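Bear in mind the structure is a predicted one, so any value in this text is a computation, not a measurement.
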2 protein chains.
Amino acid sequence: MSLRIALLGLLDAKGPASGYDLAKAFERSLNHVWQAGHTQIYPELVKMADDGLVEVESEGARGRKIYAITREGTAWLHEWLVGHDPSTVVRSEAALKAFLLTLLGPGEAIEVVTQIKAHAQARLTGLECLGTPASEAFTGRFALDLGRRQAQAMIDWANATLATLEGRRVPGASQGA
Amino acid sequence: MSLRIALLGLLDAKGPASGYDLAKAFERSLNHVWQAGHTQIYPELVKMADDGLVEVESEGARGRKIYAITREGTAWLHEWLVGHDPSTVVRSEAALKAFLLTLLGPGEAIEVVTQIKAHAQARLTGLECLGTPASEAFTGRFALDLGRRQAQAMIDWANATLATLEGRRVPGASQGA
DNA sequence: AGCTACATGTAAGACGTTACATGATTTT
DNA sequence: AAAATCATGTAACGTCTTACATGTAGCT
């Protein structure tokens with residue numbers, strides 16, 4: 001259902017758009033929150049139109065189809081945002097690596113953590129580029145802040161873990177907030 | 001591939017086990033890192049046996065089949081841990097809600113953030129119960145620390161966002177580490 | 001005898017990725 | 001004229017969830 005929510009959210013926030021536009025919007029803005037390519041988006045829009053959540057507002061050049069959110073779609077979106085209990089399913093390859101870190105020797109473990117840290121730093125840099133503190137109001141600004149904090153938490157974890165692995169601190173201790 | 005890694009990791013860390021045992025281990029220890037039920041685990045173990053990564057060591061009562069990791073399996077596991085670039089695919093319903101927060105009125109937005117905060121706090125409490133600072137060495141202790149930090153980051157975000165929504169702070173500003 | 005925990009599976013369907021396929025318009 | 005970008009789709013395959021199905025062993 002979350003793909004629907006993401007698509008409805010974009011249509012609600014930015015107005016009518018084609019599947020192509022939505023795929024681009026996914027790449028640019030939603031990327032750090034949810035992922036979907038055009039091969040998933042096009043069929044989903046058709047299904048959503050069948051269900052009355054969106055409608056083809058107009059057709060442009062090159063077979064371009066502009067979808068608009070319907071009143072039913074808006075209602076559905078708000079219902080989900082307020083009423084739906086966010087699922088706690090987590091599937092993180094980085095966390096899986098962290099879990100199995102004790103199976104490796106110290107040298108290899110340091111290598112893996114360093115790699116994870118580099119990824120988190122790249123992610124943080126990418127997020128910093130998306131919004132500056134000056135631009136105060138835009139859709140997704142709260143998610144951007146959340147993404148930054150999550151990336152920073154991963155970097156902090158990597159630093160603490162590297163310190164442990166290098167024997168500079170006690171292992172497994174809780175380092176607080 | 002990550003399900004394989006998780007299963008191989010458990011077999012490597014805790015020794016031979018049945019599919020049933022592995023499903024239980026998923027529930028208890030791996031839950032905050034990767035999820036899988038028995039309906040996914042049983043067929044995967046069969047495929048892994050076909051591929052030579054595990055083997056049926058013995059069969060016990062009630063049709064119980066004990067799987068053990070093979071040398072090839074161990075090699076494969078280490079290869080993945082060190083060599084595989086962790087995918088950055090993120091799909092978080094909480095983050096999606098955060099993204100779409102601006103579509104809601106202040107009252108509803110506060111409600112949603114409060115709900116997310118409660119979930120993060122429950123998660124943090126659950127993780128705290130899994131390991132005490134005293135027990136210094138166990139498989140997954142690094143992932144536990146990571147999970148705690150991620151949960152704390154979410155709680156911090158929720159508090160900052162609530163402050164913004166209640167008009168106590170500037171919106172969208174970067175709050176640093 | 002009935003309940004609970006152990007133990008393993010299959011099948012249908014939803015969700016997601018990769019590869020393939022096609023054609024129109026704009027830019028170089 | 002060729003290349004890039006716009007624009008939409010299908011098909012095959014892999015992963016994940018939910019529901020269904022079966023039988024054993026221990027406990028009360």
**Item:** Bending between helix ends of the helix from dA1(C)-dT28(D) to dT28(C)-dA1(D) [5 pairs per end, 10° resolution]
**Value:** 10°
**Message:** The test is side chain to side chain contact (heavy atoms under 4.5 Å, CB included); show your working for W76(B) and M1(B) and say whether it passes.
**Reply:** CA-CA 11 Å; W76(B) 214 78; M1(B) 289 299 88; 3.7 Å; yes
**Message:** Once rounded to the nearest 0.5 Å, what's the spacing between atom NZ of K24(A) and atom CG of D21(A)?
**Reply:** 9.5 Å
Answer yes or no: is there a donor N or O on one side and an acceptor on the other, between the side chain of [X] and the main chain of [Y], under 3.5 Å?
X	Y	value
W157(A)	F142(B)	yes
N31(A)	E27(A)	yes
R91(B)	Q35(A)	yes

Rounded distance in Å - [atom1] ([X]) to [atom2] ([N]):
X	N	atom1	atom2	value
L3(B)	dG16(C)	CG	C1'	16 Å
M1(A)	dG13(C)	CE	P	16 Å
K47(B)	dC16(D)	NZ	P	10 Å
D51(B)	dG14(D)	CG	C1'	14 Å
E59(A)	dG9(D)	CD	C1'	14 Å
E93(B)	dT17(D)	CD	C1'	14 Å
Y67(B)	dG9(C)	OH	C1'	11 Å

**Message:** Same cluster or not: I66(A) versus F26(A), using hydrophobic residues (I, L, V, M, F, W, Y) connected whenever any side-chain heavy atoms lie under 4.5 Å apart?
**Reply:** no
**Prompt:** Can R4(B) and D51(B) be counted as an ion pair, charged N to O under 4.0 angstrom?
**Reply:** yes
**Request:** Salt-bridge test for E59(A) and R64(A): reply yes if a basic N is under 4.0 Å from a carboxylate O, no otherwise.
**Result:** no
Check this one for me: any side-chain N or O of [X] less than 4.0 Å away from OP1 or OP2 of [N]?
X	N	value
K65(A)	dG9(D)	yes
R91(A)	dT17(D)	yes
R4(A)	dC15(C)	no

**Prompt:** Do W34(B) and F99(A) pass the side chain to side chain contact (heavy atoms under 4.5 Å, CB included) test, and can you show the C-alpha distance, the side-chain angles, and the key distance before you say yes or no?
**Reply:** CA-CA 10 Å; W34(B) 205 266; F99(A) 189 91; over 6 Å; no
**Message:** If only side-chain N and O atoms count, and only distance matters, is there a donor-acceptor pair under 3.5 Å linking H84(B) with E93(A)?
**Reply:** yes
**Fill in**
Nucleotide by nucleotide, nucleotides 22-28 of chain D touches protein heavy atoms under 4.0 Å in the pattern (B base, S sugar-phosphate only, - none) --BS---
**Request:** With a 4.0 Å heavy-atom cut-off, tell me which residues in residues 8-44 of chain A come close to DNA chain C, sorted by residue number.
**Result:** W34(A), T39(A), Q40(A)
**Request:** Taking the six-membered ring of W80(A) (Phe, Tyr or Trp), confirm whether the NZ or CZ of K97(B) is under 6.0 Å from its centre and within 45° of its axis.
**Result:** yes
**Asked** For DNA chain C, whose closest nucleotide is more 5', that of I66(B) or that of V89(B)?
**Response** I66(B)
